[in-house]
Structures are given as C-alpha cells and as structure tokens.
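If you're wondering where the values come from, they're calculated on a predicted model, not measured in any experiment.
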Amino acid sequence: MITETQHTPIPELEGFASMLRFITRQYGAQPAFCHDAPQMRRCSYAAFADMVYALSDTLSGQSGRKILFAGQNSLSFIVTFFAVVCSGNTAVPVNKDIGEAELRQILQNCQPDMLILLEGASDALHKLYGTFAPEARLSAEEIRRILQTPRTEADVPEPDASPAVETPDCIVYTSGSNGVPKGVMLTQSALMADAVSFTRAVYPAPTSLLCLPLHHMFGWTTSVLGPLLCGAEIYINGDSMLLSRDMQLFSPVHIQAVPAVLEFFYRQIRRQIRNDPNPAYRQAVEGEEILEQSVEERRIYFAKFRAMLGEQLRYVISGGAALSREITEFFWKLGVTILCGYGMTECAPVISLNTIACNVFGSIGPVIDCNQVRIAAPDAEGIGEIRVKGRNMMLGYYNREEETAAAFDAAGWLKTGDKGYLDENRCLFITGRIKNLIIRSSGENVSPEELELALSVLPGVTEVLVYEQAGLILAEVYGESGMQETIRAGVDRVNGALPMYKRIDRVLFRDTPFPKTPTNKIKRN
C-alpha cells in the first residue's frame, strides 16, 4: 500500500464524468493501464480519458438507450463502460461466455437498443450481433478505429451537472448461485459512493492486477474504479488461463481475487513446500515461530515459493465467496496480506472490508462508510440476517417489481439473505446463507458453507459442495486423481473436531468440476 503521506485525498464524486475530470487533473501523464501482455502497452490517464470522450461522442447522438456489451477484460471494455454512461445511456455489461438460454432471458427482460461486441465474446453473442441494425451495433474493430482518433472533453456534449438519482446508469445481471438472471439497476451516484468509500478504506497500491470479470461489480469497483481514483497503474489480465503468467510478468503489488484463485495458488505453493527436500520450510509454514520474523524477512525466506505470485505481491482483496481462515493465515506466513471483504451486486457491491489498520482473520471486516449494517432478529449468540442500507443501494431489479419489493423490509433495509453477526469492534462475520441451512431432525441448524471451508483445505480437495439428502449431510468432492483415501481420512479428521449433528455422513466423488457462476462460485442446484 502507499504510505499515508502519499495519499491523494479522494473527494465525493457524483458520476463518471466528474471522476474522469478528477483523475485527469490529478494523474494525467501517469500510466493508468498496462495491457496486451507480453507487449506491455501502456496508456496514460489523459489518453484513457480522451478515448472515453471519443467513444462517448460517437454514442451521444441519442441518449437513454440500453446498450448491451460484452468481451474479455480489456482496455476497450473499460472505455466502453465509461463511454456508455458518460453519453447518457444505460450500460448493460454481460458475461463474455454467456450461453444462448441465459442471453435469451436477459434480452426478454431488458430489450437492449444497441449491442457492442468486443474481443472474446461468445458464439451466442456473435449470433445476436447480426440481428441488430447496422446503426444499432458496433464491432470490436469499429471500437478500435474510434479509439485511434481520440477527442477531448470539449468535443463531447456537456453531461448533466448532477446525474439523475432515480435513473439507472447500468443494469447488471446476477443470479447468485442459482435462478433466473435479475437485472440490478445501479446509478452513477451509488457506484461512486461505493468506490470512494472502498478507496478511502483500503487505498490500493501503486500497481494492481485486474483479473476479475468486468461485467461483475466486484471487478468493476475494486479493480477499476478504486485503483483509478488513487492513481494506480492497472495491469489487465485478459485471459484467466494466463493468470499465473501475468502475475509473474507484471509482478503487481496488489490484486483483487475470488477465493477460487487463492485456493489454486494455495494448493500449488503448499505442494511445492511439501515436496521440497528441505523440511525446514514445511515446519515453518505449519508452525507459529515464523511469525516472530518481520513480513519482509518472511517474504525473503519463502521467496522461491512465492515466485508464481510475482516478486512484488503484498496485498490481496478477497471477495465474492467465503475464504478459509487457514488460507488467509498461510499467505500471511508467506508475507502476503489477504483482506477479506463482503458485498452484493445490489450494493455496488462492497459492504464491508478488512483494512491494514483492522484486519481480523475470519471476519469480513468493518462496514465501509457509505452504508450501514444491522442484524435482524438476532438469536442468543447475536446471529441473525445481515441487512444493509446506504448511498450505494440499487434502485431495484429491472422490470421485476415484486422481487424488488421482497428484497427490502418495511424500513427500507436490503435483506441480504446472509446470516452473521457484528463483534464488539463492529467487525462483520458471516455464518452462512439462510436458504442453504441444513435443519437436522434434532432441530439443530448446520451451515454447509462452514463445512465447505473446513474441507476445502484438505490435501487432494479441489472443489467441494455440502448439502442434505434424505436426512444425511453429504460432501461431494472433485479432487486430485488417486487421492480418495487421503480425502476420506481428512474428512474423518474434520468430523472428529465437530459436534455430532454437524458431521459429514457420506463423501461422494465426482469426475468433473462443478458448474459455476461467472465469479467462480459453485452453482447450488
């Protein structure tokens, strides 16, 4: 992280246009993006703003349109998102890998007026492209041509001084772990309130790697808006299959990632340590004595195992799903600090986040200052439903009035569907999803997420899903070949530390990975 004396104060910002003016004035000549690895092309803050103005000028002939766009993580995607909103239109970013069935549901719901097809879009999107009139579509090649002749802010019609609060500036589709896609309507003011609060809470480092999908708000707010607000250089990973290469090539100080990414690196590094001929490394990572050394000393000691993360990595913001405390502590021993957070697309998306000043292992951190949290109907242990209210709230679900009404309580608090509690320091903890709870015949409640976290770090386990069937708690595992007995032994050890009602009754093995959401969470069917 940048030291406190180097922080640029982040003002309250109303929308994307005011943000562009702020970052151009503050950081104009500094590099904003490094992309197209391994060529390592760079783009300054001023050049980025000019590209946004160029595309915004092209789109500004008619405002109020819903513009659907998709593509792999790229500078063009980021410019497109900014330009659509700055031109007075509504951005509808969708998953580049979307299939025909899901795309059909989204089209029926929002009926977009225009389509922008960027690099890496799915076959379903390419088929859709031909159904739009030439004046209502733009291809990746056309976008590149527009961006090669940038304009300045003076060439673009003046945006509204204050964006309309009740008009959605983007519609982001989410289905959680299952269900029909719902279009979450967000305003510029909600997005900026969340981004500014996030940035003030955790001032992103001078170099940051973007690897989260940009059609999701976690990636957009924490990997784009936040780093740009503080003048960071963002390295763009356009292909998740090349993430390890890009981590080493770019060597960022800071990344944002979902637990699946951290679990992958955890397994790889753990295996290297386990197979190293020097047993001292294994003893060090399994004991507590190593923590008597400074962070820099630990970084040097484990340097050869950290190589796949890049030489400079110091901080990771983790969100999108729960991360095992064991993995957080493992990386801490290696000299990498993981800051776990919590959010929902409906909240633009960050709700709470651990910080350098307050990093409580096992928690999802203090609530950021653009919103409030309360625990509804807490039990004797203080556990109840987490509810949220604040300036970062959605307007509702597009064309789904009943579901919008059901999402809020009578006092206007968003019902998250997550159970949790606040400790004495106002740090938030999640104990599970209400709808996923397993109710035993004894009346005891079991959180499958709690068991999944305990099983996910066992040797040989790649993915695991816990659920109830015919009164039994089942753990379904996708794991490494030839490791079934090792996994069964690990489950027995976990069971030995659990009360009877929480224990796994049966372990099932599958040959293929679980189906996943775009943010790499397992779909629960």
Measure across Ser363 and Cys427 and return the closest heavy-atom pair with its distance rounded to 0.1 Å.
OG-CB, 4.2 Å

Donor-acceptor check, side chain of Ser251 to backbone of Glu311, threshold 3.5 angstrom: yes or no?
yes

What's the verdict on side-chain contact (heavy atoms from CB on, under 4.5 Å) for Cys34 and Arg41, showing C-alpha distance, side-chain angles and the deciding distance?
CA-CA 5 Å; Cys34 184; Arg41 296 189 175 95; over 6 Å; no

Check whether any side-chain heavy atom of Lys304 lies under 4.5 Å from a side-chain heavy atom of Asp276, and answer yes or no.
yes

Taking distance alone, no hydrogens or angles, what donor-acceptor pairs closer than 3.5 Å link side-chain atoms of residues 219-231 to residues at least two apart or in another chain?
unit_1 : atom_1 : unit_2 : atom_2 : d
Thr221 : OG1    : Met217 : O      : 3.3
Thr221 : OG1    : Ala348 : O      : 2.9
Thr222 : OG1    : Phe218 : O      : 2.5
Ser223 : OG     : Gln256 : OE1    : 2.9

With distance as the sole test, does Ser352 use its side chain to make a donor-acceptor pair with the main-chain N or O of Ile364 at under 3.5 Å?
yes

Measure the spacing between NE2 of His35 and CZ of Phe250 and express it to the nearest 0.5 Å.
9.5 Å

Is there side-chain contact between Val84 and Phe16, with at least one heavy-atom pair below 4.5 Å?
no

How long is the span from the CD1 atom in Ile386 to the OG1 atom in Thr416, to the nearest 0.5 Å?
5.0 Å

Residue pair Thr431, Ser447: steps toward the side-chain contact (heavy atoms from CB on, under 4.5 Å) verdict
CA-CA 7 Å; Thr431 58; Ser447 166; 5.6 Å; no

Value for CG (Leu414) from SG (Cys347), rounded to nearest 0.5 Å, stands at 5.0 Å

Separation of Arg42 CZ from Leu75 CG (nearest 0.5 Å):
13.0 Å

State whether the side chain of Arg503 and the backbone N or O of Asn495 hold a donor-acceptor pair below 3.5 Å, judged by distance alone.
yes

Report yes if the side chains of Pro513 and Thr462 come closer than 4.5 Å at any heavy-atom pair, otherwise no.
no

Return yes if some donor-acceptor pair links the side-chain N/O of Lys521 with the main-chain N/O of Gly320 below 3.5 Å, else return no.
yes

So does Arg274 have more than 12 non-hydrogen atoms from other groups sitting under 6.0 Å from CZ?
yes

Less than 4.0 angstrom from a charged side-chain N to a carboxylate O is my criterion; do Arg267 and Glu480 meet it?
no

Which atom pair, heavy atoms only, marks the closest approach of Ile504 to Ala475?
CG2-CB, 3.8 Å

So, taking the atom named OG1 in Thr337 and the one named NE2 in His254, what distance separates them when rounded to the nearest 0.5 Å?
10.5 Å

Check whether any side-chain N or O of Glu385 sits under 3.5 Å from a backbone N or O of Gly417 as a donor-acceptor pair, and report yes or no.
yes

Hey, does the side chain of Asn354 reach the backbone of Cys340 with a donor-acceptor pair shorter than 3.5 angstrom?
yes

Does the plane of the ring in Phe48 sit parallel, tilted or perpendicular to the ring in Phe82? Use 30° and 60° as the thresholds.
perpendicular

CE/Met247 to CG/Leu309 distance, rounded to the nearest 0.5 angstrom?
5.0 Å

Closest non-hydrogen atom pair between Gly341 and Leu353, with its separation
CA-CD1, 3.8 Å

Any Lys/Arg nitrogen of Glu452 or Arg433 sitting under 4.0 Å from an Asp/Glu carboxylate oxygen of the other?
no

Report yes or no: does Lys516 contribute a side-chain atom to a donor-acceptor pair with the main-chain N or O of Phe514 at less than 3.5 Å?
yes

Restricting to non-hydrogen atoms, name the atom on Glu14 and the atom on Met192 that form the minimum distance, rounded to 0.1 Å.
C-CG, 4.1 Å

Could you check Glu292, Glu289, Glu286, Glu288 and say which one makes a salt bridge (charged side-chain N to carboxylate O under 4.0 Å, His left out) with Lys333?
Glu288

Taking the side chain as everything from C-beta on, heavy atoms only, tell me whether Leu191 gets closer than 4.5 Å to Asp169.
no

Are the side chains of Phe77 and Lys96 in touch, meaning some heavy atoms are under 4.5 Å apart?
no

Scan side-chain atoms only and decide if Tyr421 and Glu381 contain a donor-acceptor pair under the 3.5 Å cut-off.
no

Salt bridge or not between Glu296 and Arg314? Use side-chain N to carboxylate O under 4.0 Å.
yes

Indicate yes or no: at least one non-hydrogen side-chain atom of Asn237 is less than 4.5 angstrom from one of Asn73.
no

Return yes if some donor-acceptor pair links the side-chain N/O of Asp194 with the main-chain N/O of Val350 below 3.5 Å, else return no.
yes

Test side-chain contact (heavy atoms from CB on, under 4.5 Å) on Gln312 and Val253 and set out the steps.
CA-CA 5 Å; Gln312 301 299 319; Val253 175; 4.1 Å; yes

Flag side-chain contact, heavy atom, 4.5 Å: Val466 against Val446:
no

Just by distance, do the side chain of Arg298 and the backbone of Trp332 share a donor-acceptor pair under 3.5 Å?
yes

Compare all side-chain heavy atoms of Leu214 with those of Phe81 and state whether any distance is below 4.5 angstrom.
no

Please determine whether side-chain hydrogen bond (donor to acceptor under 3.5 Å, both in side chains) holds for the pair Thr187 and Ser189, giving the CA-CA distance in whole Å, both sets of side-chain angles, and the decisive distance to 0.1 Å.
CA-CA 5 Å; Thr187 64; Ser189 57; 2.9 Å; yes

Test side chain to side chain contact (heavy atoms under 4.5 Å, CB included) applied to Ser324 - qualifying residues, sequence neighbours left out:
Glu326, Ile327, Leu453, Ser456, Val457

Taking the basic N atoms (NZ, or NE/NH1/NH2) and the acidic carboxylate oxygens, is any pair closer than 4.0 Å for Glu463 and Arg510?
no

Any sub-3.5 Å donor-acceptor pair from Arg426's side-chain atoms to Val367's backbone N or O?
no

Checking side-chain contact (heavy atoms from CB on, under 4.5 Å) for the pair Glu119/Arg144: CA distance, chi angles, key distance, verdict?
CA-CA 10 Å; Glu119 295 90 346; Arg144 280 194 296 271; 2.7 Å; yes

Is the number of heavy atoms from other residues, nucleotides or ligands under 6.0 Å of Glu297 CD greater than 12?
yes

Can you sort out the partners of Ala49 under side chain to side chain contact (heavy atoms under 4.5 Å, CB included), two or more places apart, ordered by chain and number?
Leu20, Thr24, Tyr53

Over all heavy atoms of both residues, which pair between Pro9 and Phe22 is shortest? Give the atoms and the distance, please.
O-CZ, 3.8 Å

Which word best sums up how the rings of Tyr266 and Phe330 line up, parallel for under 30°, tilted for 30 to 60°, or perpendicular for over 60°?
perpendicular

Between Pro259 and Leu323 the two heavy atoms that sit nearest each other are CB-CD1, 3.9 Å

